[in-house]
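Keep in mind the model is a prediction, meaning the values are calculated, not measured. Counting starts at 1 for both ligands and their atoms, following the listed order.
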Amino acid sequence: MIYPMLKPATSNADLLLRSLSSVWHPCSQMKHYSDFPLVPIKRGKGVWLYDCDGKRYLDAVSSWWVNLFGHCNPRINAALQDQLETLEHVMLAGFSHEPVVQLSERLRALAPAGLGHCFYGSDGASAVEISLKMSAHYWRNQGHPEKSQFLSLQNSYHGETLGALSVTDVALFREAYGPLLRQQACVPSPDSRKAAPGESAEAYALRCAESLELHLQQHHAQLAAFIIEPLVQGAAGMAMYHPVYLTRAKALCEEYGVHLIADEIAVGMGRTGTLFACEQANISPDFLCLSKGITGGYLPLSVVMTLETIYQAFYDNELARGFLHSHSYTGNPLACRAALATLDIFEQDNVVEANRDKAILLNSMDLRAHPAVRNWRNTGMIWAFEVDSPHRDFSRRCAALALQHELLLRPMGNTVYFMPPYVINEQEMQLLACNTLKIIEALA
Ligand SMILES: *Cc1c(COP(=O)(O)O)cnc(C)c1O
């Protein structure tokens with residue numbers, strides 16, 4: 001018997017109905033989907049997503065910040081097809097394979113100096129867990145088991161598994177899951193919107209670094225690591241800050257014997273205008289976490305890169321001194337191959353350079369001058385601003401209106417941001433800016 005539900009979706013409405021009855025969607029109040037329907041996507045090409053009725057949407061958020069070179073990119077597709085015919089997966093404990101070795105070697109050559117060892121996970125949160133565990137275990141192996149606490153920034157976001165959530169400072173999550181989490185401290189965010197009137201972003205960042213220093217002075221003996229999103233705190237509403245904060249944070253962490261974990265899950269892979277955000281502060285962290293864009297937005301993969309000194313602290317005859325962590329799909333060959341194809345595109349198309357011109361273009365459009373637009377800001381391929389609007393549910397209204405204007409936007413509160421795939425062209429940027437302007441006029 002053919003089960004009736006196994007039929008392909010015939011229309012938007014059909015797919016929607018079936019999705020709502022069987023799929024529990026992430027980061028959502030399911031009840032809200034009765035007012036603001038889901039968008040059923042059939043296929044993608046470049047910056048565009050197409051629904052089952054053939055309507056198109058410009059993916060201005062790179063499908064949750066993961067897509068770099070467009071949907072169904074021919075070069076990544078070709079690499080994956082080749083890999084599919086060769087090896088789809090093998091476990092990484094006790095085995096190895098060409099894609100994971102090549103990827104590790106290439107990342108080592110590209111990353112800030114000294115990050116020579118790559119440990120793989122499956123998603124961003126698992127990379128954060130790995131870095132936290134590795135840091136604390138390092139101190140334990142060094143005879144300092146008391147160094148087991150972590151420090152993060154106010155409004156930080158590092159993922160939603162329990163360990164990652166314990167270094168995440170988002171009130172909504174903190175309230176619901178607080179009792180399950182180990183309390184960790186936060187220090188003030190160098191978010192340049194918080195600078196005093198007349199104070200430069202740099203001066204404010206330095207002032208925040210003083211708070212960091214005070215905290216480290218008092219608590220370094222218990223602290224394993226300070227974890228930070230370099231240059232842009234994404235989920236905080238694209239809070240951007242001056243790189244001098246990172247330079248100071250690195251120096252202070254070194255002085256007080258605390259690891260620095262750079263969570264570049266969102267900001268790595270060219271997003272901030274350099275391949276890695278840490279480059280702009282000229283620092284090497286002790287741990288660098290990458291995920292999201294690393295496979296071009298194709299497959300789940302994450303990696304934590306670390307230093308020789310940290311690696312050596314685990315190198316021993318005893319199993320218990322080794323790093324005890326694994327995921328079933330660690331270093332999946334398909335995902336590694338997608339990542340290699342992504343790095344090829346960076347090289348072949350000189351992407352980081354080409355993106356600089358795109359930033360200039362979008363910054364020059366009329367949108368930023370609209371009277372309801374505040375705090376226009378840009379770092380690399382991320383643009384954000386706040387909108388003065390009387391609507392309390394601005395973010396949902398804006399997202400819904402965006403769909404009517406061929407745009408996929410996902411505002412965070414009153415913050416609208418663009419984080420488009422790097423393949424976006426001039427015409428598409430114009431459409432993005434013009435249609436966003438119309439939406440803002442309707443909601444301001
Ligand atoms: C998305 C994100 C994570 C978590 O990654 P997942 O793949 O969603 O688990 C962690 N840190 C930052 C900065 C992120 O943006």
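Atoms of ligand 1 found under 4.0 Å from any heavy atom of A125, numbered from 1 in the order shown, are 4 (C), 5 (O), 6 (P), 9 (O). Near A266, the atoms of ligand 1 lying under 4.0 angstrom from a non-hydrogen atom of the residue are 15 (O). Atoms of ligand 1 lying under 4.0 Å from any heavy atom of G159, numbered from 1 in the order shown and given with element: 4 (C), 10 (C). If you number the atoms of ligand 1 from 1 as listed, the ones under 4.0 Å from a heavy atom of W65 come out as 15 (O).
R174 and T168 make their closest contact through NE-O, 3.0 Å (heavy atoms, listed as atom of the first residue, atom of the second, distance). The minimum heavy-atom distance between F346 and M269, with the atom names listed, is CZ-O, 3.2 Å. The shortest non-hydrogen separation linking E428 to L58 is O-CD1, 3.5 Å.
In terms of polar-atom proximity, defined here as any N/O pair under 3.5 Å, G124 does make such a contact with ligand 1. Taking any N or O of E229, backbone or side chain, none lies under 3.5 Å from an N or O belonging to ligand 1.
Shown are N67, L301, L80; of these, the side chain to side chain contact (heavy atoms under 4.5 Å, CB included) with T295 is made only by L301.
The distance from the CE atom of M134 to the CZ atom of F323 is 4.5 Å, given to the nearest 0.5 Å.
When hydrogens are left out, the protein atom nearest atom 14 (C) of ligand 1 is K292 NZ, 2.9 Å; that is the closest non-hydrogen contact.
Within the 4.0 Å cut-off (strictly below), no protein heavy atom is located near atom 8 (O) of ligand 1.
With respect to R377 and E386, a salt bridge is recorded, a charged nitrogen being found less than 4.0 Å from a carboxylate O.
By heavy-atom distance, the residue among V232, T168, V167, D263 lying nearest atom 11 (N) of ligand 1 is D263.
A side-chain donor-acceptor contact under 3.5 Å links S135 and H259.
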